[in-house]
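Presented below is the structure to which this report refers.
Predicted model, so just to flag it, every value in this text is computed and none were measured. Quick note: residue numbers are just sequence positions, from 1.
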Amino acid sequence: MAKKRILTQDEMDRCMNNLDELSEGGLEYSDDDVDFLPDCVSSNEDSDSDCENSVGSQNTIQNIKKSDADNKLERNISQYLPIKPHKWGFKFFVLYGISGFSYKLELYSGQENKEKYRQKGEPDLGASANVVIRLARIITRNKNYTLYFDNYYTSIPLLAHLSKEGIYSLGTINRNRIPNSKIPTEKVFNKMERGHSMEFVGNYNDVEISVTAWKDNKTVITASTFAGEKPHGKVMRYD
């Protein structure tokens, strides 16, 4: 039986950035699997994706991706996902570009959201929004970068925080995350023609945020600090 060794959270962060250190004291791994981190990073390219989001500028679009690396090894940090073809795997949050190149990744361990791992001045906006804040640390401020994400991450406080950091953002958002929402109910929207849209603009912590609702097969709601309902355009559908 292989002897167990341990990785601390700080050492895990170093390993994910440099992929060059393994030592003692936190998350377990086996001596038989010394290539654990390179294997995970490699397998991430072929893994299933739960949701995708984007980060970008005028010339380069970058993305955040939440994915699960397939691995049959039993580990304390592996996740059970019943809706996946492979039920067990490692969960990553990845910042990547339009080319697919990954700029930063975070391996989910269940510890990363603790206060001791939060940098000075970073707010606690909840587990999902905090993922965006951590991955956005490497984005240059006030350079017209735009970050896109889906409703797993999006909240009004997150959009306001990124705006004050000099990063534009846009994401789909759940109704229950919009305070004092004036968007009609799903029942009302279902009576409208496909393509109908409406926009509401509000102010949160001195940041103007636009919330747009659009009727597709279902109601799609987005929130943004730089984009709104217009300009309208036409797209080709394949359904």
_Stepwise side-chain contact (heavy atoms from CB on, under 4.5 Å) check, N217 with R194_ = CA-CA 7 Å; N217 293 330; R194 180 187 240 175; 2.3 Å; yes
_Note, K91 side chain near L107 side chain (heavy atom, < 4.5 Å)_ = no
*Heavy-atom side-chain contact between Q111 and Y117 under 4.5 Å*: yes
_Hydrophobic clustering (ILVMFWY, side-chain heavy atoms < 4.5 Å, transitive) - are V201 and L162 grouped together?_
no
*asked:* Any carboxylate oxygen within less than 4.0 angstrom of a Lys/Arg side-chain nitrogen, looking at E186 and K218?
replied: no
*asked:* Give me the atom names and distance for the closest heavy-atom approach of E199 to G228.
replied: OE2-CA, 3.4 Å
*asked:* Assigning hydrophobic clusters by single linkage (Ile, Leu, Val, Met, Phe, Trp, Tyr; side-chain heavy-atom cutoff under 4.5 Å), is V220 placed with F200?
replied: no
*Which of parallel (below 30°), tilted (30 to 60°) and perpendicular (above 60°) describes Y152 and F93?*
parallel
*Do P123 and H161 have side-chain heavy atoms sitting under 4.5 Å apart?*
yes
*Heavy-atom check, side chain of T222 versus side chain of V211, under 4.5 Å*: no
*Verify side-chain contact (heavy atoms from CB on, under 4.5 Å) between M198 and F189, making sure each step is shown before the conclusion.*
CA-CA 11 Å; M198 58 182 65; F189 244 103; 4.1 Å; yes
_Any F149 side-chain heavy atom under 4.5 Å of L159 side chain_ = yes
_Residue pair L135 / I138: nearest heavy atoms and the distance that separates them_ = O-CG1, 3.7 Å
*Decide yes or no for V132 and L147: does some side-chain heavy atom of the first lie under 4.5 Å from some side-chain heavy atom of the second?*
yes
*Are Q119 and R137 close enough that some pair of their side-chain heavy atoms sits under 4.5 Å apart?*
yes
*For the hydrophobic clusters of this structure (ILVMFWY residues joined by side-chain heavy atoms under 4.5 Å, transitively), does one cluster hold both I173 and Y204?*
yes
*Is the closest side-chain heavy-atom distance between E106 and L95 below 4.5 Å?*
no
_Steps toward side chain to side chain donor-acceptor pair (under 3.5 Å) verdict (N113, R118)_ = CA-CA 7 Å; N113 203 44; R118 200 173 301 130; 4.6 Å; no
_Are L158 and V207 linked, directly or through intermediate hydrophobic residues, by side-chain heavy-atom contacts shorter than 4.5 Å (ILVMFWY only)?_
yes
*What residue among T212, I183, T172 forms side chain to side chain contact (heavy atoms under 4.5 Å, CB included) with I221?*
I183
*Give the intermediate values and the outcome of ring pair (Phe, Tyr, Trp, His ring centres under 6.0 Å) for residues F101 and Y103.*
CA-CA 6 Å; F101 180 81; Y103 292 96; 5.2 Å; yes
_Ring geometry between F226 and Y168 (parallel below 30°, tilted from 30 to 60°, perpendicular above 60°)_ = tilted
*Between E112 and R134, does at least one N-O distance fall below 4.0 Å, as a salt bridge requires?*
no
_Before you tell me yes or no, could you show the steps for T225 and E208 under side-chain contact (heavy atoms from CB on, under 4.5 Å), namely the whole-Å CA-CA distance, both residues' side-chain angles and the distance that decides it to 0.1 Å?_
CA-CA 6 Å; T225 55; E208 280 199 352; over 6 Å; no
*Pair K104-V94, side-chain contact (heavy atoms from CB on, under 4.5 Å): steps then yes or no*: CA-CA 6 Å; K104 187 176 181 180; V94 186; over 6 Å; no
